Protein chains: 2
Amino acid sequence: MAAEASPHDLIAKHRPTLDQALEAIRTRAYWSPHPEHPKAYGEHGSLSMSDGKSAFDALVGTRFDLDQPGTDDWVGGEVSPYGIELGVTYPHPDIDALLPAMRAGMRAWREAGAETRAAVCLEILARISARTHEFAHAVMHTSGQAFMMAFQAGGPHAQDRGLEAVAYAYVEQVRTPDAAEWTKPQGKRDPLVLGKRFTPVGRGIALVVGCNTFPTWNGYPGLFASLATGNAVLVKPHPRAVLPLALTVQVAREVLAEAGFDPNLVALAAEAPGEGLAKTLALRPEIKIIDYTGSTAFGDWLETHARQAQVYTEKAGVNTVVIDSTDRYQGMLSNLAFSLSLYSGQMCTTPQNLLVPRDGITTDEGPKSYDEVVADIAAAVGGLLGDDTRANALLGALVNPDVKARLEGASGLGEVALASREITNPEFPGAVVRTPAIVKLDGARKFWDGAESEAAYLAECFGPVSFAVAVDSTADALDLLRRTVRDKGAMTVGAYTTSDEVAEAVEEVCLDECAQLSLNLTGGVYVNQTAAFSDFHGSGGNPAANAALCDGAFVSNRFRVVEVRTEA
Amino acid sequence: MAAEASPHDLIAKHRPTLDQALEAIRTRAYWSPHPEHPKAYGEHGSLSMSDGKSAFDALVGTRFDLDQPGTDDWVGGEVSPYGIELGVTYPHPDIDALLPAMRAGMRAWREAGAETRAAVCLEILARISARTHEFAHAVMHTSGQAFMMAFQAGGPHAQDRGLEAVAYAYVEQVRTPDAAEWTKPQGKRDPLVLGKRFTPVGRGIALVVGCNTFPTWNGYPGLFASLATGNAVLVKPHPRAVLPLALTVQVAREVLAEAGFDPNLVALAAEAPGEGLAKTLALRPEIKIIDYTGSTAFGDWLETHARQAQVYTEKAGVNTVVIDSTDRYQGMLSNLAFSLSLYSGQMCTTPQNLLVPRDGITTDEGPKSYDEVVADIAAAVGGLLGDDTRANALLGALVNPDVKARLEGASGLGEVALASREITNPEFPGAVVRTPAIVKLDGARKFWDGAESEAAYLAECFGPVSFAVAVDSTADALDLLRRTVRDKGAMTVGAYTTSDEVAEAVEEVCLDECAQLSLNLTGGVYVNQTAAFSDFHGSGGNPAANAALCDGAFVSNRFRVVEVRTEA
């Protein structure tokens with residue numbers, strides 16, 4: 001087919017952005033090409049706020065035709081956590097037809113080379129970026145995120161993570177030159193001379209298994225890392241969060257075709273209710289790479305059974321904040337309150353266990369007892385969410401009934417320090433909106449209810465529930481932190497201390513157990529947020545995830561280098 | 001302990017070599033700091049030929065004490081393929097005592113940082129290099145390689161592969177800076193500012209499971225990649241090839257101690273006869289990385305069962321040479337004869353199946369029938385090995401009775417085009433020395449004995465046996481090549497053709513199936529040899545091996561990066 005956007009033009013257009021991304025992952029200073037402010041859109045071909053809303057509204061109730069081969073029938077049944085039935089149907093694949101069609105374009109994609117693949121990926125991201133306002137509504141009405149978060153996390157931040165993956169993939173592929181001349185001296189005889197050519201080759205078809213809460217943010221790194229390294233990519237979205245990834249696949253197919261490549265290099269695999277399509281796909285011999293975000297049970301299943309594939313998983317974990325002391329007590333309280341509230345705690349990075357010595361802590365406002373610290377955190381959350389408009393804007397909606405059930409069960413686990421409150425969303429009366437609950441537990445294993453208590457705080461309680469765990473000392477807190485990360489995994493660890501010794505000790509635990517540490521955050525950065533190009537999301541070294549976003553290890557096994565050598 | 005060789009001094013001493021290695025893996029031009037000529041040694045503190053021999057002789061019959069904790073008793077029973085009983089005994093570990101002792105030094109090793117770890121590794125390699133003549137005898141009398149090959153492949157080439165792994169490990173770790181300042185603009189408000197520190201942390205204890213034929217060459221990449229990335233390394237040698245790795249561990253422990261680190265960061269795990277220690281070690285929770293070279297059966301077992309570890313395997317494969325046409329017939333014959341003869345075909349890279357069209361090929365000496373091509377290859381081998389002194393110097397000795405049995409069984413598989421010949425080694429009358437056999441098979445699946453024939457040529461027949469497989473056409477040869485690589489794996493592929501179309505087609509198969517291709521080698525470079533810093537050994541993308549030596553993927557999962565961030 002004729003290339004409407006030639007690879008050459010795409011390279012010229014995007015090479016400067018790629019170079020900036022390469023520089024950013026090297027320095028890890030702040031950088032992003034994707035504006036965070038909604039008002040930054042609406043010019044230079046990007047959708048304005050109202051156009052984005054209209055575009056989303058126009059999708060509701062339609063058949064989302066991607067013109068994919070092997071489309072048997074149409075499936076879909078997304079209901080927004082805000083109560084709207086999306087009514088969109090998607091192609092349901094005959095995988096015996098779709099998978100071969102996806103492989104057909106791989107040779108040309110391989111021959112395009114790393115730079116062209118990166119440029120095509122950047123064009124896909126640029127077109128997604130232009131539709132950020134449309135994606136924002138799609139993410140909002142599948143994840144339950146509040147609009148501003150859906151806009152930022154589902155838009156520019158997700159695009160950043162995708163671009164970061166492209167940058168890592170690119171640099172990994174060009175570490176080996178395309179060609180080399182090798183001349184080995186042989187003393188007085190003629191040297192041995194070989195010409196060598198090196199080609200990065202993708203592994204096959206990559207499967208992205210999307211999640212409900214962050215379909216784009218958690219989906220883009222694997223999708224773009226695999227595509228940029230020469231693989232075809234099949235996207236199997238969570239059945240409750242199809243639309244954002246269907247839009248993504250649509251844009252990718254459009255750009256691939258315009259650039260002269262086979263659009264089937266990227267395809268969507270929507271599933272019928274209860275079909276369990278991910279399991280079927282994961283065991284297909286054509287699938288060589290799998291990226292998954294979700295439950296530990298299915299992540300472990302993939303790692304155990306999908307042996308023909310490289311499997312990258314982000315699973316459950318138990319995130320801890322160690323509270324030893326602070327010289328900015330109010331800052332600590334407000335920072336924690338925000339972390340616990342954002343998206344109703346439905347982030348894999350949200351703190352769950354707040355470890356507080358039972359004899360209290362020292363602060364710039366004098367000593368505070370365990371009860372005081374817990375009450376003050378509870379009050380800070382209450383204050384932050386006291387206004388319903390603000391509460392709605394921060395909390396979003398509960399993503400599914402399981403989260404609601406878990407929240408309702410939490411009050412039985414211990415003394416409730418902060419009860420969850422029901423909030424009405426005037427714009428979306430169907431939304432289930434709840435403020436976070438804080439439950440007191442005792443972390444002493446010798447305590448009479450120690451075992452029961454431990455069963456609670458050592459399990460992931462995904463959603464707006466945190467545990468204020470009383471520990472005997474900061475040393476005990478560090479022991480519990482170590483045990484938690486080692487046995488349950490953690491995406492994040494937080495700590496507050498004014499003591500260099502304690503800071504060093506908590507850092508030592510995090511280095512030993514491979515967990516990412518945020519120390520003494522009291523301002524506008526939160527433990528549950530990471531910035532692409534600078535922060536690693538997860539470490540890949542504890543049970544919460546077997547890979548980090550994004551490092552060399554995340555991309556290096558997605559391709560191999562084939563060498564052809566011949567006498568010169 | 002006091003550092004006799006300070007990290008600072010080691011960095012000053014070795015940084016230039018590291019920088020050259022980094023440049024070499026980037027350009028993939030020829031480079032090596034380790035001389036290949038035996039006479040290059042004997043000055044600047046390195047052992048001369050005679051001193052190396054004396055040092056080896058002095059080891060025979062001794063207890064090889066490494067001063068390791070948890071040494072229960074002493075084991076050993078190596079018998080040289082040249083007939084000498086080595087009589088060396090090695091520490092047999094109590095692994096419940098040894099593994100914790102190995103972990104003890106990991107914190108200091110982590111804190112040393114990537115550059116110091118690289119410098120320590122380079123000092124280990126430099127001291128091994130200085131003892132190359134001693135290692136040559138140790139490799140010769142465990143692998144059965146002839147002296148010159150044991151010297152080169154077991155010495156400088158192995159050291160090159162170790163250094164290459166250190167270079168990859170170093171560059172992978174320093175992709176992320178030690179520290180960064182992150183300043184995010186907030187419009188009119190103050191920017192958000194965070195200080196970030198990044199630390200590469202090893203995964204735990206790495207296990208190297210050594211092989212019989214190339215204890216150092218195949219052992220060093222994993223050993224040095226793991227050590228350089230902050231892990232402790234436990235070396236479990238093949239029970240018939242302990243000495244070269246025991247010497248390696250000895251040098252590593254000596255250098256670590258002198259540099260102020262815990263020598264137990266590197267330890268030896270020799271085993272009692274029939275103990276199956278690799279299996280026990282591979283499932284220990286402390287073992288987080290495994291490097292293995294050997295049978296497909298045990299490699300597959302490791303990949304399936306050692307789920308707590310990153311497992312890197314090099315297993316069996318079936319290497320193919322496609323013979324379509326040539327314009328240097330004599331060069332082709334002599335090149336193939338050398339490839340088939342070197343170390344009695346006991347290399348994972350030795351060609352096994354020579355695919356020749358049954359209607360013959362075109363050459364610069366006119367058309368040659370299938371029978372003529374096979375007879376000419378056989379004659380070339382016969383000529384190369386006609387002189388017993390030269391034959392002994394090329395063939396070495398059969399490494400174990402299994403190889404001999406396989407060779408003896410090969411004559412029953414088809415018409416023998418070249419019979420194996422027994423050669424006496426006057427210096428070592430106990431050596432079992434055999435010239436290669438070439439057996440004719442028919443590659444047509446429709447042929448009456450097709451199934452039996454296929455069973456022969458589609459199984460690895462490790463040792464001095466190759467099959468001259470008659471195929472209907474070059475196109476059929478390519479189909480068989482594709483099927484062989486896909487189903488059985490291949491470390492190497494060779495091809496001879498004067499046709500650009502055929503060259504492109506064979507390259508296409510290799511790109512599709514991920515195999516390393518040597519095209520039209522007629523001079524002094526052989527398909528079974530790869531040069532560190534330039535050639536990849538294996539691809540990691542077909543069943544013969546799940547990793548290549550050496551690329552980013554070989555090192556990137558051996559460590560994780562832990563980030564600590566705090567408000568600036």
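What you see is a predicted model; the values in this text were computed from it and never measured. Sequence lines set the chain letters: A, B, ... in the order given, protein chains first and strands last, and positions in each chain run from 1.
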## Note on the structure
Ranking Lys288(A), Arg26(A), Arg110(A) by heavy-atom pairs under 4.5 Å to chain B gives rank one to Arg110(A)

#### Entry: Atom CG of Asp300(B) with >12 non-hydrogen neighbours under 6.0 angstrom
yes

### Message
Under a 4.5 Å cutoff for heavy-atom pairs, which residue among Ser534(B), Ala180(B), Ala29(B) has the most contacts with chain A?
### Response
Ser534(B)

### Query
Side chains of Arg565(A) and Leu519(B): does their closest heavy-atom pair fall under 4.5 Å?
no

### Summary
Applying a strict 4.5 Å limit to non-hydrogen atoms, the region of Ala515(B) in contact with chain A is backbone

### Rounded distance [0.5 Å steps], CE in Met106(B) versus CG in Leu511(A)
11.5 Å

### Message
Does any backbone or side-chain atom of Lys196(A) lie under 4.5 Å from a heavy atom of chain B? Answer side chain, backbone, both or neither.
### Response
side chain

### Query
Which atom pair, heavy atoms only, marks the closest approach of Ala531(A) to Trp182(B)?
CB-CZ2, 3.7 Å

#### Entry: Shortest non-hydrogen contact from Arg203(A) toward Gly541(B)
NH2-CA, 4.4 Å

#### Entry: Which portion of Val564(B) sits near chain A, non-hydrogen atoms under 4.5 angstrom
both

### Query
Between Thr566(A) (side chain) and Asn520(B) (backbone), is there a donor-acceptor pair under 3.5 Å?
no

### Query
Side chain, backbone, both or neither: which part of Thr304(A) has a heavy atom under 4.5 Å from chain B?
both

#### Entry: Toward chain A, the part of Asn546(B) with a non-hydrogen atom under 4.5 Å
backbone

#### Entry: Which atoms of Ala548(B) approach chain A - backbone, side chain, both or neither, heavy atom under 4.5 Å
neither

## Note on the structure
Counting heavy-atom pairs under 4.5 Å with chain B, the top scorer among Val527(A), Val506(A), Leu521(A), Asp551(A) is Leu521(A)

## Note on the structure
Heaviest contributor of heavy-atom pairs below 4.5 Å to chain B, chosen from Pro185(A), Ser518(A), Ala503(A), is Ser518(A)

#### Entry: Carboxylate-amine/guanidinium proximity below 4.0 Å for Arg107(B) and Glu504(A)
yes

### Query
Which residue out of Val555(A), Thr183(A), Ile25(A) racks up the most heavy-atom pairs below 4.5 Å with chain B?
Thr183(A)

### Check against salt bridge (charged side-chain N to carboxylate O under 4.0 Å, His left out), Arg560(B) and Glu513(A)
CA-CA 10 Å; Arg560(B) 293 301 188 217; Glu513(A) 304 303 331; over 6 Å; no

### Task
Give a yes or no on this: more than 12 heavy atoms of other residues, nucleotides or ligands lie within 6.0 Å of atom CG of Asp178(A).
no

### Query
Checking heavy atoms, do the side chain of Phe533(B), its backbone, both or neither come under 4.5 Å from chain A?
neither

### Query
Under 3.5 Å, side chain of Glu563(B) to main-chain N/O of Phe536(A), donor-acceptor pair present?
yes

### Message
Quick check against the 3.5 Å criterion: does Arg307(A) have a side-chain atom that pairs as donor or acceptor with the backbone of Glu303(B)?
### Response
yes

## Note on the structure
When the 4.5 angstrom heavy-atom criterion is applied to Arg189(B) and chain A, the contacting part is neither

### Task
For the pair Arg175(A) and Glu172(B), find out whether any cationic side-chain nitrogen is under 4.0 Å from an anionic carboxylate oxygen.
yes

## Note on the structure
Between the CZ atom in Arg28(B) and the OG1 atom in Thr176(A), the distance rounded to the nearest 0.5 Å is 5.0 Å

## Note on the structure
Bottom line for Glu111(A): the part with an atom under 4.5 Å from chain B's heavy atoms is side chain

### Message
Is Thr27(A) close to chain B through its backbone or its side chain, or both, or neither, when contacts mean heavy atoms under 4.5 Å?
### Response
backbone

### Structural part of Arg328(B) lying under 4.5 Å from a heavy atom of chain A
side chain

### Max heavy-atom pair count under 4.5 Å with chain B, selected residue of Leu192(A), Asn557(A), Val561(A), Asp535(A)
Asp535(A)

### Message
Among Trp31(B), Phe559(B), Tyr168(B), which residue has the highest count of heavy-atom pairs closer than 4.5 Å to chain A?
### Response
Tyr168(B)

### Query
Under 3.5 Å, side chain of Glu181(A) to main-chain N/O of Tyr30(B), donor-acceptor pair present?
no

#### Entry: Winner by heavy-atom pair count (cut-off under 4.5 Å) against chain B, out of Glu507(A), Arg558(A), Glu508(A)
Glu508(A)

### Side chain, backbone, both or neither of Phe198(B) within contact of chain A (heavy atoms, under 4.5 Å)
side chain

